[in-house]
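Any value given below was found using the heavy atoms of this structure, including those in side chains, with hydrogens, waters and symmetry copies removed. Note on naming: letters A, B, ... go to the chains in the order of the sequence lines (proteins, then strands), and numbering restarts at 1 for each one.
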Amino acid sequence: MTSRLDRIAQQRLEKLERLRARGINPYPHRYHRSHTTQQAIALLKQQEEGGGKGETPVVNIAGRIMARRRMGKISFLDIRDGSGKIQLYFHSDLVSEANLKLLKDIDIGDIIGASGKLFRTKSGEPTLEVENFTLLSKSLRPLPEKWHGLSDIDTRYRQRYLDLIANTEVGEIFKVRSQVITGIRQFMDRRGFLEVETQVLQPLAGGALARPFITHHLALDQDFYLRIALELHLKRLIVGGFDKVYEVGRIFRNEGISTKHNPEFTMLESYEAYADYNDVMEMVEKMVSGTLRKITGGYKIRFGDNVLNFKPPWQRLSLHQAIMNYAGVNFDKFPDTDSLRGEMLRLKMEVDPQKDRGRLIDELISTYVEPNLIQPTFLLDYPIEISPLAKKKPDNECLVERFEGFAGGMEIANAFTELNDPIDQRQRFLQQQKQQAEGEAGVIDEDFVLSLEYGMPPTGGLGLGIDRLVMLVTNQQSIREVILFPQLREKT
RNA sequence: GGGCCGUUAGCUCAGUUGGCAGAGCACCUGACUUUUAAUCAGGGUGUCGCAGGUUCGAGCCCUGCACGGCUCACCA
């Protein structure tokens, strides 16, 4: 590193050695903290509201030093813990000689514990008048700048701990993320769903069509795939007799990285026996709107330039109608790949000649429809070609009972009335296999089909992208802002 | 993988037509008994992302590479 950083680190190492020479352990094992900074402030307020009667109790607090203002005989330090921050006041007449000496070797970034009485300064700032303090951890490196914080995105993601120290609002995003997941779990548990954990390392990566990550088990001398969906194992559990199951789990897709895609992301999947996609739709509305209300107190959130209103019921639109509205294509009139491609070319759309009818429809959705679905919207009834795990509509062999939920121009949910006919399922897999691109997992999961042969009740299933939901709730335009450690290329 | 943009002190950023490498914060020394982006005086600590090239001379121009951002492609 540069000589200047060496110099700062060197100075701090020298301080460390001085402390050790005086018999001070710069990294002690524990500290008895009586209050968090916010509890201490609350205690002071309580004391004041009681008319100042009684002795102010001595509190022990601990945290990282964020700022220092030295003024001759007195010093002010700001320290921060997980709850917030508080100001410390040091007066050289009030602390021991040893403490005074220690204070000289303390730096911004160090973690200390301090005890003393609470009071308010002239300007009303709640403050701890320090009587005694201890070094709890010596910091050897300078923190990012106090006013502008840390804004270099590369450093923010690679050294997320610095981001969290320097930019307090980043921590808030991840608190909301936790609240979203907690809210969803509570919702599902209350509805009688059983939370389960299924395997991450799978012999076949099924349940979606995406390129998987591959790994190898040494003892078994066998390749495994990191799961690309939770679907097929959760449905096995429905066959097994758990009527309502869900999993909040990490899934892995070996695809491109973008502001809306991270190679590993978190998905909620749930399956409910004896339900269909209409039941699931209602559940999604209640789950998302209810969780939102719990966190924000209302149904409306700002997302970019828009205000999204999640109050049920959400807009429902058939996929067919949506593509008519936004792309001007009536796909019913173009029942095969060639005719649909011809129509798209006639409308001067860019068309990938490799794509079959299903993928062309998919393209119409993602290019023309999805970006326009700002308010929460359900698109219903998808073409069978792109929905191999969903049950056909009773009155239309070409469509399945499937919906996707959108908000803020992003897909957040995907659900269907699950296909439970094992013969139809095998045929759909075979059909899928023919269309599959190279590199994608293409082997039929025979064990899954076998499980269907034993009989799966009619079932409604759901997949919900947690990361994107958190993006919406926290008004973030990049998925990396809601994932603590997003995927980056290793620096060489 | 393609296109565009970026990379200068620990952090946030300037850097003119190609002519001695700059500021604020942080850091070090000193002053200061209620400060809070404390203030005041002094101190610049750098492989200008990396490697080449052009030039008397390159942070600046050219080529390649690395990493990042946006975007396109990919992506049930």
So [X], base contact, sugar-phosphate only, or nothing? Heavy-atom distance under 4.0 Å.
{"X": "A:F90", "result": "nothing"}
{"X": "A:T259", "result": "sugar-phosphate"}
{"X": "A:Y89", "result": "base"}
{"X": "A:I108", "result": "sugar-phosphate"}
{"X": "A:G149", "result": "sugar-phosphate"}
{"X": "A:D152", "result": "sugar-phosphate"}
{"X": "A:G109", "result": "nothing"}
{"X": "A:K15", "result": "sugar-phosphate"}
{"X": "A:K355", "result": "sugar-phosphate"}
{"X": "A:L150", "result": "sugar-phosphate"}
{"X": "A:T121", "result": "base"}
{"X": "A:R480", "result": "sugar-phosphate"}

Tell me which nucleotide among [options] gets nearest to the side chain of [X].
{"X": "A:S478", "options": "B:rC70, B:rG68, B:rU12", "answer": "B:rC70"}
{"X": "A:L488", "options": "B:rC13, B:rG24, B:rG69", "answer": "B:rG69"}
{"X": "A:P142", "options": "B:rG10, B:rA76, B:rU12", "answer": "B:rG10"}
{"X": "A:D362", "options": "B:rC74, B:rC70, B:rA76", "answer": "B:rA76"}
{"X": "A:K146", "options": "B:rU33, B:rA37, B:rU12", "answer": "B:rA37"}
{"X": "A:W147", "options": "B:rA37, B:rA76, B:rC70", "answer": "B:rA37"}
{"X": "A:R158", "options": "B:rA26, B:rC67, B:rG69", "answer": "B:rC67"}
{"X": "A:P144", "options": "B:rU33, B:rU12, B:rC11", "answer": "B:rC11"}
{"X": "A:R359", "options": "B:rU34, B:rC75, B:rA26", "answer": "B:rC75"}
{"X": "A:D352", "options": "B:rC74, B:rU33, B:rC75", "answer": "B:rC74"}

Report summary line: Only residue of A:N420, A:D424, A:T417, A:D421 satisfying side chain to side chain donor-acceptor pair (under 3.5 Å) with A:K391 is A:N420
Query raised in the report: Relative to the 5' end of RNA chain B, which residue comes earlier, A:T127 or A:E411, by the nucleotide with the nearest heavy atom?
Result: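 The residue whose closest nucleotide sits nearer the 5' end is A:T127.
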Query raised in the report: How do A:R489 and A:R120 order along RNA chain B: which one's closest nucleotide is nearer the 5' end?
Result: A:R120
I'd like to know if the side chain of [X] reaches the main chain of [Y], judged simply by a donor and an acceptor atom lying under 3.5 Å from each other, with no hydrogens or angles considered.
{"X": "A:D362", "Y": "A:I365", "result": "no"}
{"X": "A:S115", "Y": "A:V59", "result": "no"}
{"X": "A:R253", "Y": "A:I228", "result": "yes"}

Is any side-chain N or O of [X] under 3.5 Å from a base N or O of [N], one able to act as donor and the other as acceptor?
{"X": "A:H261", "N": "B:rC75", "value": "yes"}
{"X": "A:E385", "N": "B:rA76", "value": "no"}
{"X": "A:Q87", "N": "B:rU35", "value": "yes"}

Report summary line: Read 5' to 3' with Watson-Crick or G-U pairs under 3.5 Å, [ ] for crossing pairs and | for partners on another strand, RNA chain B gives (((((((..((((.....[..)))).(((((.......))))).....(((((..]....))))))))))))....
Query raised in the report: Any chance the rings of A:F265 and A:F252 have centres within less than 6.0 Å?
Result: no
**Report entry** Pair A:F403 + A:F378: ring centers closer than 6.0 Å
**Finding:** yes
Query raised in the report: Run the side-chain contact (heavy atoms from CB on, under 4.5 Å) check on A:I61 and A:I86 step by step: do they pass?
Result: CA-CA 9 Å; A:I61 58 172; A:I86 194 169; 3.4 Å; yes
Query raised in the report: Between residues 62-77 of chain A and RNA chain B, which residues have a heavy-atom gap below 4.0 Å?
Result: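 Here the set is A:R68, A:R69, A:R70, A:M71, A:G72, A:K73, A:I74, A:F76.
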